[in-house]
Amino acid sequence: MDSETHDPIDLQTKELKETNSMVEEFMLLANISVAERIVDEFPECALLRRHPAPPPSNYDILVKAAKSKEVRASWPRAA
C-alpha cells in the first residue's frame with residue numbers, strides 16, 4: 001500500500017483451503033438459525049433473503065470427520 005495515497009500497489013493470490021469452505025457453511029447455518037429466530041419473534045415485520053441450499057457434497061468433509069469420531073452428522077435437506 002502506498003504510504004501517502006493508501007492505494008494498493010501490489011496484489012497476491014490467496015490460497016483457499018478446505019477449512020475456508022467449512023467455515024462458510026457454518027456461517028450460513030448460523031445465519032439460518034438467526035433468521036428462524038427473527039421470524040419466530042417478529043413474524044409481522046421479518047424481511048429475510050433466502051440463499052439456495054448448498055449441494056450435499058459440501059458436507060462430505062464434515063461427515064467424514066464426524067464418522068471418524070463416531071458422531072452422526074445430519075442437517076435438514078432442501079425441499
Side-chain angles (χ1 to χ4, degrees):
M1 184 173 296
D2 185 276
S3 61
E4 292 179 16
T5 64
H6 301 289
D7 290 336
I9 55 175
D10 194 13
L11 64 99
Q12 52 187 189
T13 303
K14 180 179 177 181
E15 178 186 346
L16 293 179
K17 300 179 177 155
E18 290 180 11
T19 53
N20 295 92
S21 179
M22 288 179 67
V23 168
E24 290 171 4
E25 293 301 325
F26 282 119
M27 289 173 66
L28 284 174
L29 289 171
N31 288 343
I32 290 167
S33 296
V34 170
E36 288 172 348
R37 181 72 185 262
I38 289 171
V39 168
D40 290 344
E41 296 292 324
F42 307 101
E44 299 297 320
C45 61
L47 178 64
L48 306 173
R49 185 179 79 164
R50 174 169 273 191
H51 291 274
S57 63
N58 283 15
Y59 297 102
D60 290 348
I61 296 168
L62 176 61
V63 170
K64 183 178 178 182
K67 282 183 181 177
S68 74
K69 300 294 182 186
E70 298 181 6
V71 174
R72 191 177 82 105
S74 63
W75 54 90
R77 296 284 182 186

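The hydrophobic cluster containing Val23, built from Ile/Leu/Val/Met/Phe/Trp/Tyr side-chain heavy atoms closer than 4.5 Å, also comprises Met27. Leu47 belongs to no hydrophobic cluster with other residues, because no ILVMFWY side-chain heavy atom falls under 4.5 Å from its own, directly or through intermediates.
Scanning for side chain to side chain contact (heavy atoms under 4.5 Å, CB included) contacts around Glu24 gives an empty result, with sequence neighbours left out. With sequence neighbours excluded, the residues that form a side chain to side chain donor-acceptor pair (under 3.5 Å) with Thr5 are Asp2, Asp7. Applying the side chain to side chain contact (heavy atoms under 4.5 Å, CB included) test to Asn20 and every residue at least two apart in sequence or in another chain returns Leu16, Lys17. Ser57 pairs by the side chain to side chain contact (heavy atoms under 4.5 Å, CB included) definition with Pro55, Asp60, not counting sequence neighbours. Legend: residues meeting side chain to side chain contact (heavy atoms under 4.5 Å, CB included) with Ala35, ordered by chain and number and at least two apart, are Leu48.
At least one side-chain heavy atom of Leu28 sits less than 4.5 Å from a side-chain heavy atom of Glu25.
Although no hydrogens or angles enter the test, the distance criterion places a donor-acceptor pair under 3.5 Å between the side chain of Ser68 and the main chain of Ala65.
In this structure, Val34 is not a member of the same hydrophobic cluster as Leu29, with clusters built from ILVMFWY side-chain heavy atoms closer than 4.5 Å.
Residue pairs satisfying the salt bridge (Lys or Arg N to Asp or Glu O under 4.0 Å) criterion with at least one member in residues 36-49, sequence neighbours excluded, are listed as follows: Arg37-Glu41.
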